[in-house]
Amino acid sequence: MAKSKNNAKKLSYISVPSQIINSISSSSLQSLLESPKKCARHSKFFTFVKCIRPRLFLFTLFFLAFFAMLKFGLNLYTPFPPFPCATSVDPSKSNLGQQGGDVGVSEALISSVQLHGTEVPSGVGEKSEFWEQPDGSGYKPCLNFSKEYRRESEGVVKNRRRYLMVVVSGGMNQQRNQIVDAVVIARILGASLVVPILQVNVIWGDESEFADIFDLEHFKSVLADDVRVVSALPSTHLMTRPVEGSPIPHATPSWIRSHYLRRFNREGVLLLRGLDSRLTKDLPPDLQKLRCKVAFQALRFAKPVQELGNNIAERMKSKGPYLALHLRMEKDVWVRTGCLPGLSPEYDEIVNNERTKRPELLTAKSNMTYHERKLAGLCPLNSIEVTRLLKGLGAPKNARIYWAGGQPLGGKEVLQPLINEFPHLYSKEDLALHGELEPFANKASLMAAIDYIVSEKSDVFMPSHGGNMGHALQV
């Protein structure tokens with residue numbers, strides 16, 4: 001050990017697990033402190049203990065202590081494979097201590113067992129495993145495209161002969177998924193993508209356009225090296241009659257090329273509708289990375305939406321950690337899923353009548369009864385069931401909960417069982433200042449975008465029913 005400038009001795013401490021300490025008798029420890037003596041001949045055991053060289057004995061003890069620390073104190077198992085996106089863990093955060101510093105092994109061991117949960121300010125609630133965050137183990141997303149992909153990109157973005165138009169439908173999160181697939185299909189066909197057309201929502205009547213919800217210029221710039229995005233068809237193609245189509249469910253890149261490329265080359269314009277779940281999820285690595293790039297980098301919300309979402313999230317964060325609960329209890333959800341809210345016979349009749357008048361809204365399996373769907377776990381949870389689940393997960397009673405979603409069938413009164421157990425329940429309407437939500441009134445897609453932003457910034461997210469928003473946030 002190197003001496004300091006003032007020649008003061010530095011002490012290094014070794015933390016020895018209690019298992020080893022307990023296994024060594026007090027007389028044995030005392031023999032380490034005493035000066036070496038001549039060997040006693042009457043006891044073989046004491047002969048071994050006293051005759052052995054002190055330095056060798058200390059080295060052996062240190063080796064056993066180090067081995068025990070590895071076994072009892074550290075977890076060397078890494079649950080994620082190192083390929084392809086692993087990054088090395090920051091040495092300063094390693095449980096093995098710091099090199100060249102004064103931090104001993106004992107301090108490193110103490111830090112390795114500290115909770116990594118979110119700090120809770122005083123008055124909000126005690127620390128709880130419920131708020132504990134997962135350990136990323138140093139892994140980060142990576143979008144390193146192959147050389148072949150980058151080599152082909154120049155020809156794709158310079159193409160001026162083929163233009164892909166798409167019409168996307170559904171709610172904001174459903175539209176978002178279709179836009180992601182539209183970019184990938186444009187790449188597969190080597191075409192320029194015309195800014196997607198958002199079909200007027202049949203349930204909410206939302207007439208929002210792409211630029212109302214998403215940052216269009218950001219979308220174009222992020223994808224500049226992958227796909228050329230244009231705001232409208234050029235004048236040379238305005239009079240062209242487009243080739244129309246709708247891919248089969250889970251269509252592969254080879255299927256898309258074989259069914260559209262020849263006519264696409266001839267006509268120059270292709271119009272696709274109904275892209276929901278049409279592109280396979282089993283894509284080559286480069287196309288899968290492109291899908292992630294669109295979803296998590298290119299599709300940024302428009303500035304007014306992003307600012308309001310951030311402000312509401314900050315208001316929730318100001319008092320400590322919060323849970324985002326995506327409640328799926330709107331009237332259309334009960335109709336589409338083939339389930340019943342279970343509130344009263346009156347509300348069940350409302351859902352059944354709507355389903356009878358508009359059978360096209362039923363997206364669930366029509367050959368299953370309500371009870372069969374309920375037993376199979378295909379129905380949204382009502383407020384009583386959500387309350388039981390939160391309590392079962394260990395949510396503290398004073399947990400702050402952000403309620404994402406539209407107004408539930410039956411009004412806010414149906415949430416009373418949840419409010420009784422978790423009184424700190426807030427929605428965007430509760431947290432927005434006077435007039436902040438007026439620009440987004442009667443625009444369900446923009447309201448859903450605000451919910452997405454606040455949910456994404458939460459400490460814990462839980463949906464009451466599977467859906468596009470839940471799937472995107474859990475990735």
Side-chain angles (χ1 to χ4, degrees), residues 78-87 134 136-157 159 162 164 166 168 170 172-196 210 214-215 218-229 245-261 264 270 272 274-301 452 456 461 466-475:
T78 302
F80 305 106
F83 181 83
C85 296
T87 59
S137 299
Y139 286 76
K140 297 179 180 179
C142 69
L143 293 174
N144 298 325
F145 294 96
S146 67
K147 292 182 179 179
E148 182 181 0
Y149 179 92
R150 296 196 300 269
R151 186 170 56 251
E152 295 173 350
S153 294
E154 184 177 355
V156 172
V157 297
N159 185 281
R162 295 188 292 268
L164 174 64
V166 295
V168 300
M172 189 278 295
N173 291 289
Q174 192 174 359
Q175 291 173 341
R176 190 173 179 269
N177 289 344
Q178 295 173 59
I179 293 169
V180 171
D181 287 352
V183 174
V184 178
I185 293 174
R187 174 75 190 200
I188 292 171
L189 296 173
S192 298
L193 176 66
V194 181
V195 173
F210 185 98
F214 304 104
D215 187 334
H218 178 78
F219 183 74
K220 290 180 179 180
S221 63
V222 170
L223 299 176
D225 295 330
D226 305 280
V227 172
R228 179 170 173 258
V229 181
S246 179
I248 62 172
H250 312 296
T252 62
S254 58
W255 186 96
I256 291 173
R257 291 190 189 98
S258 63
H259 280 74
Y260 297 119
L261 198 53
F264 199 5
L270 172 64
L272 296 181
L275 291 183
D276 192 25
S277 300
R278 296 294 174 167
L279 182 62
T280 180
K281 301 297 185 287
D282 186 15
L283 291 171
D286 284 323
L287 293 180
Q288 185 60 45
K289 289 179 182 180
L290 177 59
R291 173 181 265 158
C292 294
K293 184 177 182 178
V294 180
F296 302 110
Q297 292 186 8
L299 280 176
R300 186 173 70 184
F301 292 112
Y452 186 99
E456 186 181 29
F461 171 78
N468 294 306
M469 177 173 167
H471 294 157
L473 287 170
Q474 292 172 34
V475 172

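Just so you know, these numbers use all the heavy atoms, side chains as well, and skip hydrogens, waters and symmetry mates.
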Asker: Give me each pair satisfying salt bridge (charged side-chain N to carboxylate O under 4.0 Å, His left out) with a member in residues 143-152, each pair once, sequence neighbours excluded.
Answerer: none
Asker: Just by modelled atom types, is the Phe145 backbone N or O under 3.5 Å from a matching donor or acceptor in the Lys289 side chain?
Answerer: no
Asker: Measuring only between side-chain heavy atoms, which start at C-beta, is Ser246 closer than 4.5 Å to Arg278?
Answerer: yes
Asker: Test of understanding: with ring pair (Phe, Tyr, Trp, His ring centres under 6.0 Å), list the residues that count as partners of Phe214, not counting sequence neighbours.
Answerer: Phe210, Phe301
Asker: Verify the distance criterion only: is there a donor paired with an acceptor across the side chains of Asp286 and Ser146 at less than 3.5 Å?
Answerer: yes
Asker: In chain order, what residues pass the side-chain hydrogen bond (donor to acceptor under 3.5 Å, both in side chains) check against Asn173, with sequence neighbours excluded?
Answerer: none
Asker: Report the residues that fulfil salt bridge (Lys or Arg N to Asp or Glu O under 4.0 Å) with Lys220, sequence neighbours left out, ordered by chain and then residue number.
Answerer: none
Asker: Given 3.5 Å as the limit, does a donor-acceptor pair link the side chain of Gln178 with the main chain of Val168, or not?
Answerer: no
Asker: Mind checking side chain to side chain contact (heavy atoms under 4.5 Å, CB included) for Pro285 and listing every partner two or more places apart, or none if nothing turns up?
Answerer: none
Asker: With Asp276, which residues qualify under side-chain hydrogen bond (donor to acceptor under 3.5 Å, both in side chains), at least two apart?
Answerer: Gln174
Asker: Can you list the residues that meet the side chain to side chain contact (heavy atoms under 4.5 Å, CB included) rule with Arg291, with sequence neighbours excluded?
Answerer: Val180, Asp181, Val184, Leu279, Lys281, Leu283, Gln288
Asker: How would you list, by chain and number, every residue that makes a side chain to side chain contact (heavy atoms under 4.5 Å, CB included) with Val156, sequence neighbours excluded?
Answerer: Arg187
Asker: Among residues at least two apart in sequence or on other chains, which ones pass side-chain hydrogen bond (donor to acceptor under 3.5 Å, both in side chains) with Tyr260?
Answerer: none
Asker: Mind checking what makes salt bridge (Lys or Arg N to Asp or Glu O under 4.0 Å) contact with Arg300, not counting sequence neighbours?
Answerer: Asp215
Asker: My understanding is that only residues two or more places apart in sequence, or in another chain, count here; which of them pass ring pair (Phe, Tyr, Trp, His ring centres under 6.0 Å) with His250?
Answerer: none
Asker: List the residues meeting side chain to side chain contact (heavy atoms under 4.5 Å, CB included) with Thr252, not counting sequence neighbours, and say none if there are none.
Answerer: Ser254, Trp255, Thr280
